[in-house]
Protein chains: 2
Amino acid sequence: MPSITIHDVADYAGVSRATVSRVLNNNPAVDQALRLRVEDAIQALGYQPNRTARRLRAQSSNVIGLIISDIRNPYFLSIIQGVEDVAYAHQMSLILCNSDEDPTKEQMYLRVMEAEHVAGLIMVPSQSSEEQQLSRLKKIGIPVILLDRVADDFEVDAVKVDNERGAADAVRHLIALGYRRIATITGPVHLTTGRERYTGYRSALEANGLAYDEALVKIGNFKTESGYQLTRELLAMAEPPDAIFVSNNMMTLGALRALREQEIRVPQEMALVGFDDMPWSGDLYSPLTVVSQPTYELGQEATNLLLRRLADPGLPFRTVILQTRLIVRESCGAKLRS
Amino acid sequence: MPSITIHDVADYAGVSRATVSRVLNNNPAVDQALRLRVEDAIQALGYQPNRTARRLRAQSSNVIGLIISDIRNPYFLSIIQGVEDVAYAHQMSLILCNSDEDPTKEQMYLRVMEAEHVAGLIMVPSQSSEEQQLSRLKKIGIPVILLDRVADDFEVDAVKVDNERGAADAVRHLIALGYRRIATITGPVHLTTGRERYTGYRSALEANGLAYDEALVKIGNFKTESGYQLTRELLAMAEPPDAIFVSNNMMTLGALRALREQEIRVPQEMALVGFDDMPWSGDLYSPLTVVSQPTYELGQEATNLLLRRLADPGLPFRTVILQTRLIVRESCGAKLRS
DNA sequence: ATAAGTCTGGAAAACGATTTCTCTGAGAGT
DNA sequence: ACTCTCAGAGAAATCGTTTTCCAGACTTAT
């Protein structure tokens, strides 16, 4: 119960606490014989330095904060794992928070991170207008890395994916397959992900001489239910689309569900391309053609960026943009038409 | 950069640090006027008590450690959310670790938790023989709650699901539908989940007068690949089964993939019942009939158990057993046969 | 042989909060 | 009016480390 402190080790080895500390921190100015004696004592007592005390003294911790916007979304799983793996390799722990897309909760967690004196923070912001909070954190000296949803011009480190190009790839693919009436279900415009994927959709249409039709654009909230509803709306149109590009994984599931419910064959009667791959995307009712994000790498990259900044706070800010990859399965109809 | 301390607040309000501390902790022995002055100062400076210092002084923290065995498995998502929600409601933070089913990593994280002086620990053990580590943690006075994989007799608090009954429900359902040659793909015997689901399978067979056939039992490792391989083995048998009960979600995905690959129609040519529901289980190639675990509640319950123990360390140990629910979709063939 | 310089390791001051102890002053009781 | 009591607030110790400063001891050069 009363855990062993540096004091106990010092007593056991018959030296001062300072010496034990020096041994722990590999300070060369300690005699070999003493060092061994101290190390024996540490072994014998099973001593483990108290991280809290260390942190207090050092005014810095080896804890990374990670704020996710929706932990129920499997998209974040490999991201978390990417972060965790890199953090683990650098002996850092992870505090995980789930803002649940709720700005209040997010704000509260930001304060927790501050009080917790985490070394740095990786976050998927729930809303774009959090700049004041971020600048507040920056003022305290906690480095922040933004993930996934990132305005390019804001002066922080950030990691994201080339959303516009990814979306354009998907839509271009549909066009190449011969679809002409391509709808999109996209995300909220106040999130860069929603905006950029929409832009990609639109630019691909225009680059290929297809008319842009406002009626074919539905704005969802990245949740399954919204994908389901909006797909039904599209199906109810007088002149429904022949293909849908859905800009995230959960809404794609919703779309698929709506289509199946109405017994619309995918891709024969409606082609579908989604955003975000999942390990089971190929096992779905209709194996999904998707724009795949390198999620694990996103997590890794974010953590690397953070470690880099911790090592050298003076570096210029950087936004790392990773590329997506179009994975062609069956929901787009490529196999049918080729 | 130099964050505001209790000292600054004291200076600003013209009182001693002790008084500020008293205000913070709602100590009644402080004059109303002074209290207001201090609160103003706190507001004005935007002061936030340093949790590290608090933790050091109080020798206890408001951090809960959560060690998961495989973060890539969506099964843990709602568990994490359940834990997070309850923790959040009690102003506690979460340190998340992923042991990756690796005992070495797990051991290392246990040490981190110890050094981190977390208030308590919720863990999904990667192996059953960790008793020495657990008792070590218990010796230090960190309460541990075991989750999911739990030996009933071990004297810790634990939360699990009634695996045997869940498995038996599934198999009984298959039997009722008329299947007679029912195989199972189960988990490692050294995990209670694997063992108990196997027992449930076997007892359901025997209770219904069906012969138990060793050849129809395959032992996997709870990963997709293993479900895939073992299903292929079952299919390659001279006399293949007519139904398979797979004892976790990932292996069920593997099974489904193997079946689809060989163009075996589910459930017409092979019925399938899995363990663990996922939000998209109904959207798969064949909508899965599954034994659903109340994952969110598991997380909640584990956290409640932990909070309960933190509040009163003297309580007797308790194992909470939640019930599963059979969700009937199409992969078992119920709709065809009814 | 002595002075200067190098090592070693101990004592003590931080880090920021809490808590016990102590002291001051005001109010009450005689 | 004097003492006793008690409330309220400050001083100081404490939590477990790290780190600076300093004092001895030993080495080396003159």
Side-chain angles (χ1 to χ4, degrees), chain A residues 1-39 41-42 45-63 111-112 114-119 140-141, chain B residues 1-39 41-42 45-63 111-112 114-119 140-141:
Chain A
M1 172 92 205
S3 51
I4 325 122
T5 75
I6 201 172
H7 199 97
D8 305 317
V9 177
D11 282 357
Y12 188 97
V15 299
S16 79
R17 282 165 288 156
T19 305
V20 179
S21 172
R22 275 188 274 259
V23 170
L24 285 173
N25 297 283
N26 285 318
N27 186 321
V30 55
D31 190 69
Q32 193 59 18
L34 257 199
R35 157 159 279 138
L36 286 178
R37 218 161 82 217
V38 171
E39 278 167 355
I42 292 176
L45 298 172
Y47 166 72
Q48 267 240 282
N50 181 323
R51 289 194 177 206
T52 306
R54 274 198 166 168
R55 195 169 303 163
L56 178 60
R57 170 65 221 213
Q59 294 291 77
S60 82
S61 69
N62 48 0
V63 174
R111 280 220 293 278
V112 169
E114 184 183 337
E116 202 69 69
H117 277 251
V118 294
I140 314 164
Chain B
M1 171 97 205
S3 52
I4 324 123
T5 76
I6 200 173
H7 198 98
D8 305 319
V9 178
D11 283 357
Y12 188 98
V15 299
S16 78
R17 282 163 287 158
T19 304
V20 178
S21 173
R22 276 188 275 260
V23 171
L24 285 174
N25 296 284
N26 285 318
N27 187 322
V30 55
D31 190 71
Q32 193 59 19
L34 258 201
R35 157 159 279 139
L36 286 178
R37 219 163 78 217
V38 171
E39 277 166 354
I42 291 176
L45 298 173
Y47 167 70
Q48 268 243 281
N50 181 324
R51 292 195 175 204
T52 305
R54 277 199 164 165
R55 195 168 303 161
L56 177 60
R57 170 66 223 212
Q59 295 291 74
S60 80
S61 70
N62 49 1
V63 174
R111 279 220 294 279
V112 169
E114 183 185 338
E116 203 68 68
H117 276 250
V118 295
I140 315 166

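Lettering follows sequence order; numbering is per chain, from 1.
- With DNA chain D read from its 5' end, the first of the two nearest nucleotides for A/T52 and B/L34 is the one closest to B/L34.
- Projected onto DNA chain D by closest heavy-atom contact, A/Y47 and B/P28 fall at different nucleotides, the more 5' of which corresponds to B/P28.
- Comparing the end axes of the helix from C/dA1-D/dT30 to C/dT30-D/dA1, each fitted to five base pairs by superposing C1' atoms of four pairs onto the next four, gives an inter-axis angle of 60° (nearest 10 degrees).
- Residue contacts for B/R22: at a heavy-atom cut-off of 4.0 Å it reaches a base atom on one of the strands shown.
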Donor-acceptor pairs under 3.5 Å, side chain of residues 20-29 of chain A to any protein atom, not counting sequence neighbours: which ones?
residue : atom : partner : partner atom : Å
A/S21   : OG   : A/N25   : ND2          : 3.4
A/N25   : ND2  : A/S21   : O            : 2.7
A/N27   : OD1  : A/A29   : N            : 2.9

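- Judged by distance alone with a 3.5 Å cut-off, a donor-acceptor contact links the side chain of A/R57 to the base of D/dT18.
- Nucleic acid contact class of A/V20 (heavy atoms, under 4.0 Å, all strands): none.
- Look at CD on B/Q32: it is 15 Å from C1' on D/dA9, rounded to the nearest Å.
- One finds no side-chain N or O of B/Q59 lying less than 4.0 angstrom from the OP1 or OP2 phosphate oxygen of C/dT18.
- Of the side-chain N and O atoms in B/S16, one or more sit less than 4.0 angstrom from OP1 or OP2 of D/dG10.
- No engagement by A/A58 is indicated, since no non-hydrogen atom pair under 4.0 Å with the nucleic acid exists.
- Residues satisfying the salt bridge (charged side-chain N to carboxylate O under 4.0 Å, His left out) test with B/R51, not counting sequence neighbours, are A/E116.
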